[in-house]
Chemist: 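Before I ask anything, let me first share the structure, which is written out below as structure tokens.
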There are 2 protein chains.
Amino acid sequence: MANFTIGQASDASHVKVTTIRFYEDRGLLGKPPRTASGRRIYDATLIARLRFIRHARDLGFSLDDIGDLLALSDDPTRNCSAADSIAQQQLHEVRTRIAQLKALEAELSRMVTSCGGGAVVNCQVIESLADHAHCASDHPRS
Amino acid sequence: MANFTIGQASDASHVKVTTIRFYEDRGLLGKPPRTASGRRIYDATLIARLRFIRHARDLGFSLDDIGDLLALSDDPTRNCSAADSIAQQQLHEVRTRIAQLKALEAELSRMVTSCGGGAVVNCQVIESLADHAHCASDHPRS
DNA sequence: CCTTGCTTCTACAGCGACTGTAGAAGCTAC
DNA sequence: GTAGCTTCTACAGTCGCTGTAGAAGCAAGG
């Protein structure tokens, strides 16, 4: 198995050098071996782990969730229902967030199209912001 | 015009006491008058301002944007095109975010439904996370 | 061999928008 | 008078990084 510097690991995983060190700090990578002069050494296994983290982050998982998912994947004999439920939960959160954002989109779009371009005193954007009652529909806290 | 304590202002605006002080710190509220013993005093104008901020935050505007919108609404003779463009920009960001989240939703949903419930060694969730190539479609960084 | 310029190292501060904490002081009701 | 709430200031913590400073390592060219 070939060895890589942190920079090479960064290129291979598309995780920035500083972010790799940050993940190590957060306990997601363990403590990689070092050269005599103290530089970190990475192998293909660690790079796969970085890619896993990167992919999970892209999908919106928190670092805590990712820690749990990595622990599961480190022990392949365990049942995957825990992994499944983390992913289910994440899917649920994404769907909730989409619904929220759609409500915001409707409201913003209504606000923007009703702006006639006159003076602020008549501006529908300012007006709508000043009074929630102007909203066509309710929208949640994000 | 009636006067309110910070707690009453909080109840009336649905902005938490600590958050009101935080907004003041950020220059969104000016420096409210104080009682002899140093407690903040709010009137209906300030409470309307708090509601404006709250509503704009609910719609996802940043505090910086809200500062700009408040400055516009403080000077009602100005043209509202600036307000319009801030709102347009926000609408654009919300739409972008919705599109991103829909891609995540598709991927997560694919992941979750393909999970047969066996051992981790065969888990599609873990598998998909480990390898982006398993993804049906691309998904962006959030 | 020596310099140049890139990479890596540690340690810490900063982002946004709050939230939580500590400890003191004021204020209201019984 | 005292119990218990509110308010005050000032600062630390949240999340997931990003940026900074200053020092040291390392590879290539002269």
Side-chain angles (χ1 to χ4, degrees), chain A residues 3-29 31-42 46 50 52-70 89-90 93 97 100 104 140-142, chain B residues 3-29 31-42 46 49-50 52-70 86 89-90 93 97 100 104 140-142:
Chain A
N3 286 334
F4 303 91
T5 66
I6 196 169
Q8 291 164 339
S10 169
D11 291 347
S13 64
H14 302 110
V15 177
K16 288 188 184 168
V17 167
T18 45
T19 308
I20 294 176
R21 286 195 280 251
F22 169 73
Y23 288 160
E24 181 186 328
D25 228 51
R26 289 313 208 67
L28 296 176
L29 297 175
K31 299 224 162 193
R34 305 272 188 142
T35 65
S37 66
R39 299 182 166 212
R40 293 169 179 82
I41 299 168
Y42 297 89
L46 269 171
L50 282 169
F52 184 106
I53 297 172
R54 163 81 206 257
H55 194 194
R57 284 293 302 135
D58 285 352
L59 289 166
F61 290 93
S62 71
L63 292 186
D64 273 5
D65 280 349
I66 293 171
D68 293 347
L69 290 166
L70 282 169
Q89 175 60 26
Q90 179 61 17
E93 277 164 28
R97 189 83 187 108
Q100 285 177 349
L104 300 198
R141 286 239 84 169
S142 26
Chain B
N3 286 334
F4 304 90
T5 66
I6 196 170
Q8 290 164 338
S10 170
D11 290 346
S13 65
H14 302 111
V15 176
K16 290 188 183 168
V17 167
T18 44
T19 308
I20 294 176
R21 286 194 282 251
F22 170 73
Y23 289 160
E24 181 185 329
D25 227 51
R26 288 313 208 66
L28 296 176
L29 297 175
K31 299 223 163 195
R34 305 271 189 144
T35 66
S37 66
R39 300 182 166 212
R40 293 169 180 82
I41 300 168
Y42 297 89
L46 269 173
R49 206 168 172 89
L50 281 170
F52 184 105
I53 298 171
R54 163 79 207 256
H55 193 194
R57 284 293 301 133
D58 285 353
L59 289 166
F61 290 93
S62 71
L63 292 186
D64 275 3
D65 280 350
I66 293 171
D68 294 346
L69 290 166
L70 282 168
I86 293 170
Q89 175 60 26
Q90 179 62 17
E93 278 164 27
R97 189 83 186 109
Q100 285 178 348
L104 300 198
R141 287 238 86 170
S142 25

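All values below come from the heavy atoms of this structure, side chains included, with hydrogens, waters and symmetry mates left out.
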Chemist: Using atom CD of B:Glu93 as one end and atom P of C:dG16 as the other, report the distance to the nearest whole Å.
Modeler: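 One finds 14 Å between P of C:dG16 and CD of B:Glu93, rounded.
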Chemist: Between A:Gly7 and A:Val17, which heavy-atom pair has the shortest distance, and what is it?
Modeler: CA-CG2, 4.0 Å
Chemist: Mapping B:Val17 and A:Ser37 onto DNA chain D by nearest heavy atom, which one lands closer to the 5' end?
Modeler: B:Val17
Chemist: Between A:Arg54 and A:Asp58, is the closest basic N to carboxylate O distance under 4.0 Å?
Modeler: yes
Chemist: If the cut-off is 4.0 Å, is B:Thr5 near the phosphate of D:dT6, judged by side-chain N/O to OP1 or OP2?
Modeler: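 So the side-chain polar atoms of B:Thr5 never come under 4.0 Å of the phosphate oxygens OP1 or OP2 of D:dT6.
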Chemist: Whole-Å distance between D:dG16 P and A:Asp65 CG?
Modeler: 9 Å
Chemist: Closest to the A:Arg39 side chain: D:dC26, D:dG16, D:dT6?
Modeler: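 Minimum distance to the A:Arg39 side chain belongs to D:dC26.
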Chemist: Please state how far atom NZ in B:Lys31 lies from atom P in D:dT9, giving the value in whole angstrom units.
Modeler: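 From B:Lys31 NZ to D:dT9 P: 9 Å.
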Chemist: By nearest atom, which of the nucleotides C:dC9, C:dA17, C:dG26 is closest to the A:Arg34 side chain?
Modeler: C:dC9
Chemist: Looking only at non-hydrogen atoms, find the nearest pair between B:Arg57 and B:Leu63 and report the distance.
Modeler: CD-CD2, 3.5 Å
Chemist: Give the rounded distance in Å between these two atoms: CG of A:Asp25 and P of C:dC12.
Modeler: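 To the nearest whole Å, that distance equals 11 Å.
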Chemist: Which sits closer to the 5' end of DNA chain C, B:Arg26 or B:Lys16, going by the nucleotide each is nearest to?
Modeler: B:Arg26
Chemist: Expressed in angstrom and rounded to an integer, what is the separation of B:Ile41 atom CD1 from D:dT6 atom P?
Modeler: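 My rounded result for the distance is 19 Å.
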Chemist: Considering only side-chain heavy atoms of B:Phe22, which listed nucleotide, C:dT10, C:dG16, C:dT19, is closest?
Modeler: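 Out of C:dT10, C:dG16, C:dT19, the nucleotide with an atom closest to B:Phe22's side chain is C:dT19.
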Chemist: Counting only side-chain heavy atoms from C-beta out, which of D:dC17, D:dC26, C:dC9 sits nearest to A:Thr19?
Modeler: D:dC17
Chemist: Once you round to the nearest 0.5 Å, how far does CZ of B:Arg40 lie from CG of B:Leu46?
Modeler: 11.5 Å
Chemist: OP1, OP2 of D:dG16 versus side-chain N and O of A:Tyr23: anything below 4.0 Å?
Modeler: no
Chemist: Can you tell me if B:Thr18 touches the phosphate of C:dC18, counting only side-chain N or O atoms and a distance under 4.0 Å to OP1 or OP2?
Modeler: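 No, no such contact exists.
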Chemist: Need one value for A:Arg21: base, sugar-phosphate or nothing, where a base atom within 4.0 Å counts as base even if backbone is also close, heavy atoms only.
Modeler: base
Chemist: Round to a whole Å and report the spacing from CG of B:Leu29 to P of C:dC18.
Modeler: 12 Å
Chemist: Provide, to the nearest angstrom, the distance between the CD1 atom belonging to B:Ile53 and the C1' atom belonging to C:dG16.
Modeler: 15 Å
Chemist: Quickly work out the A:Asp11 CG to C:dT8 P distance and round it to whole Å.
Modeler: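 It works out to 9 Å between those atoms.
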Chemist: What's the spacing between B:Leu70 CG and B:Asp65 CG if we round to 0.5 Å?
Modeler: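 Going from CG on B:Leu70 over to CG on B:Asp65, the span is 11.0 Å.
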Chemist: Reckon B:Arg40 has a side-chain N or O less than 4.0 Å from the OP1 or OP2 of D:dT9?
Modeler: yes
Chemist: Starting from the 5' end of DNA chain C, give me the residue, B:Ser62 or B:Thr35, whose nearest nucleotide shows up first.
Modeler: B:Ser62
